[in-house]
Amino acid sequence: MSISSEHKPLGKQVTGSLHTLSPIVELNVGGEMYTTTLSTLKKHPGSKLAEMFTGQPKLRTDSEGRFFIDRPGTYFKYILEYLRSNQVPTQCIQDVYKEALFYDIEPLIKQLEDSPQIFGELVARKQFLARVPNYSENIELMIRIARAEAVASRQSSVIVCVVRTEEDAARCQDALNSLDMDKKSVVKFGPWKAAPSISDLLDCVQMDVEAKGYKISFQPHIAEKGFRFKSHDFFYKFLFTWW
């Protein structure tokens, strides 16, 4: 292994082949230090991690000469545990899954996708939300409305209309027109063709907005006029608390 003698503030570029690298490898992963073997890192030849230590690598070293990987170091220990002993992690599943995808360790990816947490998210919840028109765009719209109304306020609210069927959507149209005339912004979700209910959709909305760092709650929205039915069946008020 040859290392460039030119000093670089961000570390040294490894320019030589790793065929002569010591079997013991020191790593700096996002500030966390690890020591392992070259054979462990190359256990799955088709993975991105193995490729980092194969042939002509494009790796940098830190000031102590440890190979540097710019990823969250906290979860790398679970990656190493799997490479060393085929132990599938039972903690921090979502975060470890992201790292397994980055390092492209296919056997670990597949085993994590069979876990209840990842299976439920990928197969059940995300497949449902994929059938709700403009779901992601509506989440962003809710946040924009809430932020626009947050000036000099501790809380701001967003009215959400949730309709599961085309029939419900038709029933709500007059109410939506009335709210529009009152210049009240309403974010509409649905209709969709899937088993989950309106309450399931509301839970998903709260979960995904909170995942972006916001503190929110919701309650039925009782309209004052323009409704020929119980408004709380379809209309809800999401409350954003800022401080």
Side-chain angles (χ1 to χ4, degrees), residues 1-127 129 136 139-140 207-215:
M1 177 184 73
S2 63
I3 300 178
S4 172
S5 60
E6 180 184 355
H7 177 71
K8 296 181 180 181
L10 295 178
K12 305 171 184 177
Q13 182 75 37
V14 179
T15 57
S17 171
L18 283 172
H19 291 303
T20 58
L21 183 66
S22 167
I24 307 300
V25 180
E26 292 188 344
L27 301 170
N28 176 345
V29 185
E32 299 280 343
M33 310 307 165
Y34 293 94
T35 302
T36 187
T37 65
L38 186 60
S39 60
T40 294
L41 296 171
K42 297 171 67 174
K43 185 175 181 179
H44 297 285
S47 69
K48 182 177 179 179
L49 182 62
E51 290 177 357
M52 290 179 181
F53 296 91
T54 301
Q56 299 291 334
K58 295 181 179 179
L59 295 172
R60 291 192 177 276
T61 59
D62 64 12
S63 59
E64 299 297 323
R66 293 174 291 235
F67 292 106
F68 179 74
I69 302 176
D70 193 13
R71 293 295 294 179
T74 304
Y75 311 113
F76 191 72
K77 64 181 179 181
Y78 300 110
I79 300 294
L80 275 184
E81 284 177 5
Y82 177 77
L83 295 175
R84 288 166 173 162
S85 60
N86 290 324
Q87 179 179 340
V88 179
T90 57
Q91 304 177 52
C92 308
I93 299 296
Q94 298 280 357
D95 294 301
V96 177
Y97 179 66
K98 292 177 184 178
E99 297 310 296
L101 289 172
F102 173 78
Y103 294 114
D104 195 21
I105 304 173
E106 192 65 30
L108 178 56
I109 292 170
K110 290 181 178 179
Q111 291 185 67
L112 288 173
E113 287 179 347
D114 284 337
S115 69
Q117 299 94 321
I118 303 297
F119 179 87
E121 177 68 15
L122 293 181
V123 177
R125 200 176 84 91
K126 283 195 173 179
Q127 287 297 316
L129 295 179
S136 297
I139 293 291
E140 296 300 327
M207 184 186 308
D208 288 331
V209 174
E210 287 181 339
K212 295 178 179 293
Y214 296 92
K215 182 179 179 181

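The residues of the chain are indexed from 1 along the displayed sequence. Since the model is a prediction, treat every value here as computed from it, not as a measurement.
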OH-CE distance between Y103 and M52, expressed to the nearest 0.5 angstrom: 6.0 Å
Can you give me the closest heavy-atom contact between K98 and R71, atom names plus distance? O-NH2, 4.2 Å
Is D95 atom CG crowded by more than 12 heavy atoms from other residues, nucleotides or ligands, each under 6.0 Å away? yes
Kindly indicate whether the side chain of I105, heavy atoms from C-beta on, has any atom under 4.5 Å from the side chain of L83. yes
Rounded to the nearest 0.5 Å, how far does OG1 of T37 lie from CZ of R84? 7.5 Å
For a quick test of reading the model, state the closest non-hydrogen atom pair linking I79 to A100 and the distance between them. CD1-N, 4.0 Å
Spacing of OG1 belonging to T36 relative to NZ belonging to K43, to within rounding of 0.5 Å: 10.5 Å
Start with the C-alpha gap between D104 and H44, add the side-chain angles, then the distance that decides, and say whether side chain to side chain contact (heavy atoms under 4.5 Å, CB included) holds. CA-CA 9 Å; D104 195 21; H44 297 285; over 6 Å; no
According to side chain to side chain contact (heavy atoms under 4.5 Å, CB included), who are the partners of P89, at least two apart in sequence or on a separate chain? Y78, V96, L108, L112
Heavy atoms only: give me the nearest Y82-Q111 pair and the separation to one decimal. OH-NE2, 2.9 Å
In terms of heavy-atom contacts, D208 and L129 come closest through OD2-CD1, 3.8 Å
OH (Y34) and CD (E26) are apart, to the nearest 0.5 Å, by 14.0 Å
Closest non-hydrogen contact found for F53 with L27 is CZ-CD2, 3.5 Å
Can you list the residues that meet the side chain to side chain contact (heavy atoms under 4.5 Å, CB included) rule with S115, with sequence neighbours excluded? I93, Q117, I118
Please walk me through it: do E32 and F76 pass side chain to side chain contact (heavy atoms under 4.5 Å, CB included)? CA-CA 9 Å; E32 299 280 343; F76 191 72; over 6 Å; no
Give the minimum heavy-atom separation between G31 and M33, together with the two atoms involved. O-CE, 3.5 Å
State the CG-CG distance between D70 and N28, to the nearest 0.5 angstrom. 9.5 Å
Roughly how far, to the nearest 0.5 Å, is the OG1 atom of T54 from the CD atom of E51? 7.0 Å
Side chains of I109 and Y97: does their closest heavy-atom pair fall under 4.5 Å? yes
